[in-house]
Structures are given as C-alpha cells and as structure tokens.
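Input: a single structure, listed below in structure tokens.
Since this is a predicted model, take the numbers as computed values, not measurements. Below, read A as the first sequence line, B as the second, and so on, with proteins coming before strands; counting in each chain starts at 1.
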Amino acid sequence: MRFFEYEAREIVKRTGIPVTDFGFTTDAAEARTIAERIGGPTVIKSQVLSGGRMKAGGVKFADTPEEAESYAADILKLEINGQTPRGVLVDPKAEVKQEYYAGVVWDAVAKKPVILFSDMGGIDIEEVAAEHPDHVGRMHFSNILPLSDFHAKECIAQTGVTGRALQRLTPIVRKLAELFVDNDMVLAEINPLAEMHDGSFVALDAHMDMESEARGRHKALLADLGVGDDETRMAREPTEFELAGEAVDNASHRGVAGNVTEFDGNIGLVIGAGGGSLTLFDAVRAHGGEPANYCEIGGNPSVEKTCGLAKLVLTKPGVDKIAVMMSIVSNTRVDIVARGVIKACIELDMDPAEKIAIFRIPGAWEEEGFKILAKYGIDYADRSVSMHEAARRAVQKITAGEEASS
Amino acid sequence: MSILIGSDTTFIVQGITGREAVNLTRECLDYGAGAKIVGGVTPGRKGRDVHGIAVHDTVAACVEAHGGPIDGSVVTVPPAFTKDAVYEAIENDIKLIVIVTERIPRRDVAQMVELAELRGARLIGPNCLGIIVPDVIKMGGIGGPARNAAQAYTPGPIGVISRSGGMTTEMSSTLSAAGLGQSTAVSIGGDAIIGSTYAELMPLFDADQQTEGIVIYTEPGGRMEAELARWVTENDCTMPIVAFMAGRFMDDMPGMSFGHAGTIVEGKEDTAAEKIARLAEAGITVAEGISEIPEIMRSMLSARSAA
C-alpha cells in the first residue's frame, strides 16, 4: 500500500529524521498561506502516487506566495497518468550542497532487509546501480538480532563518504531502517536526502510502501494519516466491476470467489485457483482469446458465492459466454462450483448449456459434478484435457459464436 | 528414496482443531502407509482428540507424550499467531516445519526463517500445501483427500517444486498420466519470502538416488528463479530441469498483484520474460504448456542417459 509523499514525509518526521517545514493542502488559497508562513521561494508538488511528476508539469517553483497560489491552482487540476492529485505539497525551496539517497527494501533471496545508500541522490537508484555501481552501498541486517548504527555506517562508508557527513548520516539511515521494520514497509526511501550548506541533513522527498497484509497492526498510524480502510492504493483504482467482485467475495468468509480484475475482452472467465488462474489466463491469450476479466476461485467457496461471481461475469457488458476452468482441485469441490455456475445461469434466465462454453475442473467430487453438468447438457472435460486445450476450446467456441451473431 | 520426509517421519499438527486442520489430519492419516502424526496442538483444548490424535496445549507436551524428538510440524493457525507457533516448534527441536497459513506479513516470515537457520531447522511455506512422497506419505493438504491424491501422484523419478499448491497436483497428474512418476513433490508457497526456495531444495534432489529430473512451476515476482539459475550454473548441475512459467500477461501490468502475494512485477527482473531468459541461460527448458512437460522431460532424460 503506497503512501503519498506528504504522508511518507510525515512518517519520516515522526521517526525523528529532519524534514523541511512543508505543508499539505487541497486548496490553492491555503497554498498561499503556507507559502507566506514559509517565507521565501517555494516548491509546489502534485500529490499523486504516479511517478514522472516533474515531466508532467506537476512540480513548480514559486518565488512569491501569489505564484504559489496560482501554481497550486494549476497543479490541483492537472491529471498525471490518469490520476487526479490528492492535493499539493508546499515546500521551502532548499539550497542544497549535495544530494544523497537512502533506502531500505527486502532481499527475498537473502530473506533479510537491505539498506541501500548512495552519494548520488536525486535520481533513480536503479539507474545509479547500473551505471555507477561503486556509488551504491549495500548492507543487510538481521531480522532478530539488534539493528545498530554500525549497519548504517558500514553501508554509507562503502560509497567513500567520510568525515562529518558520515557521522551525521549514520543515525538518519539507521532510523530509516528502524522505520522500515517497525512499520512493516516493503519500501522506505528518502531521495533526495540533502546536505545543506550549513552541514545539516534534511529529507527532501520520501517514498513509502506498507505491506497490505500488515495494515491491521498499524491502525493508529493509518488513522492519524487519514488513510481510509477502503483505500487499496494499488497501481490503479479498482473499477466498479472489481468492487462488485469484492462484495461477492466478502459476502461470506469461507473460500475465495473473487480477486476480480477487469479487462476489456469478450471471454468471461470463472477460473481458479491462484496458479491455475494465472496459467489459464495466459492460455486463453495464447490462443488469441481476449478475456473480459481475471478472477480466482479457491478454498471451497459456497454454491451461493460461486453463483455470485458467475452472475457478475455473465452480466458484464460484452460477455456472451463464460469458461469455467481450474487446475485439479483437492480442497474446492467440483460439484459445488458446478452447482454455483448453473444456478447463476438459471437465475439470469439463461441456458447453462449455451452460456457455459466449457467446464474444466477435475478433482475432488468430480463424479458428482460431472453428473450434474451432463444433466444440463454442459460441455465438460476431465483431467485428460489439459488446461491449455480447455482454453483453446473455449476461445474457439466464443469466437465462432461472435462471428455467427455478427 | 525421497527428500525431506519418508515413511518413518513423525509430525504434529499445530492448530489441529481448526476446520482445515481437521481435514488435513484425516487426509494424511489415510494416505499411503498412513502418516505418523504423533500429536496436535491447540492452546486450551488439552484432552480432546482429532481423528484419534491427542490434542495438547503446547508443543512441549506433544514431545513429552511422544517420549522423544518429533521430526516435523504442520502449522495451520491464523496469521497473527503463526510466528509464535513456528518459534514454539523450532524451540522444541522440531527440524521440518510446513507452514500452511497465508497472509503472514513478510517481517514475521523473515524472523521465522532466521530463527530456523540459527537452530538448523527447515521451513516449507508459508502459503503452501506441503510435501508428498507418492504412495508413501504426505505432510499437509497437498493433493487433498487420500483418494484424490492417489489419483494424481504416482512414484517415480521426477522431483516437483512449485510456487502454487494446486499446480503441484496439476503438473504431477500430467506427469503421472505420461508414465513419469514423482520422487517427491514440494509446494513451496506463493509468498515473496519463503522458507525454502528452488535453489535451496535442489541440493536435496541432486543428492537423492531416485530423482532423475526436476519440474518446476514458477510465476512473475521476486528473484527466486535467478537464484535457481545461478545455483545450476555454479554447481554444474546436469540433472534435466523443465520449468513452466504462468502469469506471462502480468509483464504488461506492473505494480498489480495476481494469484499469490509474491506475484507482482515491480522491476525488470521480476518479469516473466526476464525470468525465462535467466532460466534458459542456465540450460533450463521452459515449456509453453503443462501438457508439453512430459515429452520435454523424456527427451532430456534419454539424451542424458545416452551421453
């Protein structure tokens, strides 16, 4: 779950890392008040989760409070990569001596957090790592043994930074590592971390991403920052169709029939489980099919829940038929999924044999499931038909149907 | 032979009175020669039994009742309690821990993994279905009820390692239908950080007499495949490895997560395309479909025996 810059900076500030005297607002007139308080030139920054703000015109430098207000008004109206800004950040324009980078991420191979530091701040760290590897310090630290200043110091020293700067940077980088751990972050980054002409250090920008699974243990912080429970903060906002899928899944806690993602194709998919859905979605595309959606069934959801998901997909505009497919199931029951999708067709006054292009779910309770499917005249397949072959049949049938009707 | 577990392996089930755990216990008892489940733990439920398995309050009580060391544990408790349960197993000298629970924050997983390393224990999972040695034993929900597991898994020369529990069964079933049985199949879990990666299981399969080839299921996200490729190159491993990569569509959708918690494209190295290239460089064949795997494996096996 990503944080906006103004939230990330607030988190940094709470850890005791120096930040500028910034202000956040959703109102251009208030931007002027903040700029007046700051006194002197300011930077007005669009608050969106997307990158590339500078290029898109979402960052502007104002010499006077009047300019701050007018730039804020422009930026508040400016969409960046389809995102409307949450507000603007008004920041004192800093006279910087040098820019550094400090970040903490997970290394899933070492299974430990790793501190990254560079004396070439202000640009993308991946770029620095690729072009100037000797300017990037790396230091893993333990998940259970104490984290200490020396971890940060060794990491910084790898880049050749020494003297007063090393001494002043050490506690800042150590605090950033603590913040990463304490807040269940998957990314905690200060870039640039600026050295001012008086030798002090200030965080000028910060990126934070909290692991969604851990949100529950940071309720107080999230409430303080005003992050709503319903804000997913994914790469894009959920669509109405996706929210409806979530509602189906949340209707009962048993099993999964959700994780819906909307696409603009015509092939309705009722698929599962985790790996099976990924495989089947690829398979449909490999055969030239265009899925209308992605979804996942798993953990043996009820007939009602499966029915809800199937109804949602069946009624999606542009969908004529659905393909019901899963990898071999051992926990989810074939007969329950069969009942769910048939019930959906009947309740929508549709003929299951016509609407279900193929049903390919082998495994637990398959005899019972296949019996029901046969009774309704639905085209079904057992495990002797591969997932790719089932996807091919579905694509063929749905494409043929489209051509016949056009 | 097999890796990790065999017919004599003893294990307990932590969280045994939960709905999923009750089913899993039945399945393991029924499968193959019948698993030697020597106890179960649910705090506060001492004195009950699940399918004839005594329930204790603590892991220590299981060890005491058993009268000696216990080899393994299957942990299926809610995410908030998993770290404690795994610590408890490790500190009671259990050396193989299968973690079924999903949605455990990374920090907790990394802590469990590090304590396990310090104590010489091995973790499988989290968010996994466990381990199966066809016709002998299964530890976890892998393959489902004994009857269904027997339908998909057969004994043979192929080691299976998969980030998806369900796909472990799908791939093994396809191999079985083609006459290629499995030495051991391991569902390693779909999270970003897991106890045992491909590269960490390879030495075990490599040392196993029965295993002649490896089939892996993989997804976008993480660096685990690059780690495997590196291991294969550094160790001059000549055992045939066939990989299947699902979720290729995700390369066009950076920042979105599908399928499993660890499946997300965040950087170039996470992409399916990049991983396929890394695997191919190490001599690992990447199959386009599951049904192609047996044929590729057969030709690799015969090429190797001819050499």
So does F81(B) have more than 12 non-hydrogen atoms from other groups sitting under 6.0 Å from CZ?
->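 No, the 6.0 Å shell around CZ holds no more than 12 heavy atoms from other groups.
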Option that, when pairs with chain A are counted at under 4.5 Å, heavy atom only, ranks first among [options]:
options: G144(B), G141(B), G247(B); value: G247(B)
options: A226(B), P220(B), G143(B), G165(B); value: G143(B)
options: G222(B), G195(B), P105(B); value: P105(B)

By a 4.5 Å heavy-atom criterion (distance strictly below it), what part of [X] contacts chain A: side chain, backbone, both, or neither?
X: A177(B); answer: neither
X: A80(B); answer: neither
X: M171(B); answer: neither
X: P79(B); answer: neither
X: I194(B); answer: backbone

Where does A364(A) contact chain B at under 4.5 Å (heavy atoms): side chain, backbone, both or neither?
->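 Answer is both: backbone and side chain atoms of A364(A) are under 4.5 Å from chain B.
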Considering only heavy atoms, which portion of V329(A) lies under 4.5 Å from any heavy atom of chain B: side chain, backbone, both, or neither?
->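 Contact with chain B: none, neither part.
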How long is the gap from CE on M167(B) to CD1 on I328(A), to the nearest 0.5 Å?
->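 Interatomic distance, M167(B) CE to I328(A) CD1, rounded to 0.5 Å: 9.0 Å.
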Produce the donor-acceptor pair table for chain A versus chain B, cut-off under 3.5 Å.
from    : atom 1 : to      : atom 2 : distance (Å)
K111(A) : NZ     : I194(B) : O      : 3.0
K111(A) : NZ     : G195(B) : O      : 2.8
K111(A) : NZ     : E200(B) : OE1    : 2.7
K111(A) : NZ     : E200(B) : OE2    : 3.1
S142(A) : OG     : E114(B) : OE1    : 3.4
S142(A) : OG     : E114(B) : OE2    : 2.4
N143(A) : N      : E114(B) : OE1    : 2.7
N143(A) : O      : Q111(B) : NE2    : 3.4
N143(A) : ND2    : A110(B) : O      : 3.4
N143(A) : ND2    : E114(B) : OE1    : 2.9
V181(A) : O      : R107(B) : NE     : 3.1
D184(A) : OD1    : R107(B) : NE     : 3.1
D184(A) : OD2    : R107(B) : NH2    : 2.8
E211(A) : OE1    : R106(B) : N      : 2.7
E211(A) : OE2    : R106(B) : N      : 3.4
E211(A) : OE2    : R106(B) : NE     : 3.1
R217(A) : NH1    : D108(B) : OD1    : 3.3
R217(A) : NH1    : D108(B) : OD2    : 3.2
R217(A) : NH2    : D108(B) : OD1    : 2.7
G275(A) : O      : Y217(B) : OH     : 3.3
D282(A) : OD1    : R248(B) : N      : 3.1
D282(A) : OD1    : F249(B) : N      : 3.0
D282(A) : OD2    : G247(B) : N      : 2.7
D282(A) : OD2    : R248(B) : N      : 2.7
R285(A) : NH2    : D252(B) : OD2    : 3.4
Y294(A) : OH     : G259(B) : N      : 3.3
E296(A) : OE2    : G259(B) : N      : 2.8
I328(A) : N      : E170(B) : OE1    : 2.7
R360(A) : NH1    : E170(B) : OE1    : 3.2
R360(A) : NH1    : E170(B) : OE2    : 3.4
R360(A) : NH2    : E170(B) : OE2    : 2.7
E366(A) : OE2    : Q151(B) : NE2    : 3.3
R383(A) : NH2    : Q151(B) : OE1    : 3.4
H388(A) : NE2    : E288(B) : O      : 3.4

Which heavy atom of L118(B) sits nearest a heavy atom of I144(A), and at what distance?
->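 Closest approach of L118(B) to I144(A): CD1-CD1, 3.7 Å.
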F281(A) and F249(B) aromatic ring geometry - parallel, tilted or perpendicular at 30°/60° bounds |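 F249(B) vs F281(A) ring planes: tilted.
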